[in-house]
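Data first, discussion second: the structure below is written as structure tokens.
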Number of protein chains: 2
Amino acid sequence: MLSNSSKYALKAVLYLAVHSTMEKKILAKDISKPINVPRAYIAKILQELSRHNIVSSMRGPGGGFYLNEENKKTPLIDIISLIDGDNRLTSCVLSLHKCDNENPCPMHHLVDDTKASFVKKLKETSVEDLISDIRSGKSFLPI
Amino acid sequence: MLSNSSKYALKAVLYLAVHSTMEKKILAKDISKPINVPRAYIAKILQELSRHNIVSSMRGPGGGFYLNEENKKTPLIDIISLIDGDNRLTSCVLSLHKCDNENPCPMHHLVDDTKASFVKKLKETSVEDLISDIRSGKSFLPI
DNA sequence: TATAAAACATGATATTAATCATATTTAAGA
DNA sequence: TCTTAAATATGATTAATATCATGTTTTATA
């Protein structure tokens, strides 16, 4: 469903959303351990996220990564499409190019609703939304 | 969501369901082209399916692959779990081991329904069901 | 019962995704 | 303005998945 990379991206963003502020930036290496993702790998992903304004960063001593208020409004779909590309989630389950509502593949009806509703939720839900669930005890981010 | 291999398996089984009978067996190489999967690769997958009684086969001259009535009753989930293993579909979206209803990860509520309903459909739907959709023009299998 | 046509089994290679390493740039503080 | 701590950029390596190749067994038919 999601690549490792986009899972890691989501975890890193959520970790930053919970633990960082502009005044309390977090180093790549200090994100790596709690979310259980190799240090150099998460650094690379964070750079990509930073380049696309999904996370904020500051170089030099005292620098690190954090989320500003704008960043927190990012819909989850933006994180996923940045890393995995647009059509991993929307393409045909059987990878048939010609599959659409007019010309549905044998599994189309089986998955179309499911897929559409998942994408809709990813568009409607922001990082901020997930965080408020965590703060209110509806869900849990390990560590 | 699904590996290439399980997509190929589904396509091959559907192709056999539509085009083969016990009297009209089909060679691995003749399945390969229409479903657009490398010859040696689909052969390997067909052998795995055959070993687990998802497709039927006969060696020797006049042999080939086909589906018997029993095979056509196979639920789609059986094909997918055989190739991809059991937990590709059910494991946590963020790959967190400790994620369940009691201890949901931040994305759990977002995907749980979606995932559960997809798996349910895969359990309830058989090869035969998909084929009757094709025969009645509700869906299309290329070639 | 010999031959040929097919699946079957196993292992090798290639491609892609995941991970790691290193050199460069930026910014803070002495 | 020098040093150091951080992100950034780019490329190399490793591991996993996908693909290919080759030899073995089975079965029909002459």
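In what follows, every chain begins at residue 1, and chains take the letters A, B, ... in the order their sequences are listed. Model, not experiment: these values are computed from the prediction.
- If you measure from atom CG of B/Leu49 to atom P of C/dA9, you get 13 Å, rounded to the nearest angstrom.
- Contacts with DNA chain C (heavy atom under 4.0 Å) in residues 24-32 of chain B: B/Ile26, B/Leu27, B/Ala28, listed by number.
- Counting only N and O atoms by type, the side chains of B/Asn68 and B/Ser56 include a donor and acceptor under 3.5 Å apart.
- Between B/Gln47 atom CD and D/dA21 atom C1' the separation is 13 Å, expressed in whole Å.
- A salt bridge links B/Lys120 with B/Glu124: at least one charged nitrogen is closer than 4.0 Å to a carboxylate oxygen.
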For each nucleotide in nucleotides 18-30 of chain C, reading 5' to 3', give B when a protein heavy atom comes within less than 4.0 Å of its base, S when such contact involves only the sugar-phosphate, and - otherwise. SBB----BBBB--

Output a table of nitrogen or oxygen pairs between the protein and nucleotides 1-3 of chain D separated by less than 3.5 Å.
none

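- For the pair A/Ile45 CD1 and D/dA7 P, the interatomic distance rounds to 15 Å; values are reported in whole Å.
- Interatomic distance, A/Ser20 OG to A/Asp30 CG, rounded to the nearest 0.5 Å: 12.0 Å.
- Checked by atom type, the side-chain pair A/Ser126/A/Lys73 shows no donor-acceptor distance below 3.5 Å.
- In the model, B/Thr90 has no side-chain atom that pairs as donor or acceptor with a side-chain atom of B/Asn87 under 3.5 Å.
- Inter-residue side-chain proximity for A/Ser6 and A/Leu82 is flagged as unmet; no heavy-atom pair is nearer than 4.5 Å.
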Step-by-step side chain to side chain contact (heavy atoms under 4.5 Å, CB included) determination, A/Phe65 to A/Leu49: CA-CA 10 Å; A/Phe65 295 92; A/Leu49 293 170; over 6 Å; no

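- For the pair A/Ser32/A/Val37, no side-chain contact is recorded, criterion being any heavy-atom separation below 4.5 Å from C-beta on.
- At whole-Å resolution of the value, CD in A/Glu48 and P in D/dA7 are 16 Å apart.
- Regarding contacts with the backbone of C/dA7, every side-chain N or O of B/Arg51 stays at 4.0 angstrom or more from both OP1 and OP2.
- A/His108 and A/Asn101 are linked by a side-chain donor-acceptor pair at a separation below 3.5 angstrom, with hydrogens and angles left out of the test.
- Straight-line distance from the CZ atom of A/Phe65 to the P atom of D/dA7: 5 Å, rounded to whole Å.
- The phosphate of D/dA7 (OP1 or OP2) has no side-chain N or O of A/Ser50 nearer than 4.0 angstrom.
- Side-chain contact of A/Thr114 with B/Thr114: a donor-acceptor pair under 3.5 Å is absent, judged by distance alone.
- B/Tyr66 and B/Leu46 fall into different hydrophobic clusters, where Ile, Leu, Val, Met, Phe, Trp and Tyr are joined by side-chain heavy atoms under 4.5 Å apart, directly or via other members.
- Here D/dA7 presents its C1' atom at 17 Å from NE2 of A/His52, a figure rounded to the nearest Å.
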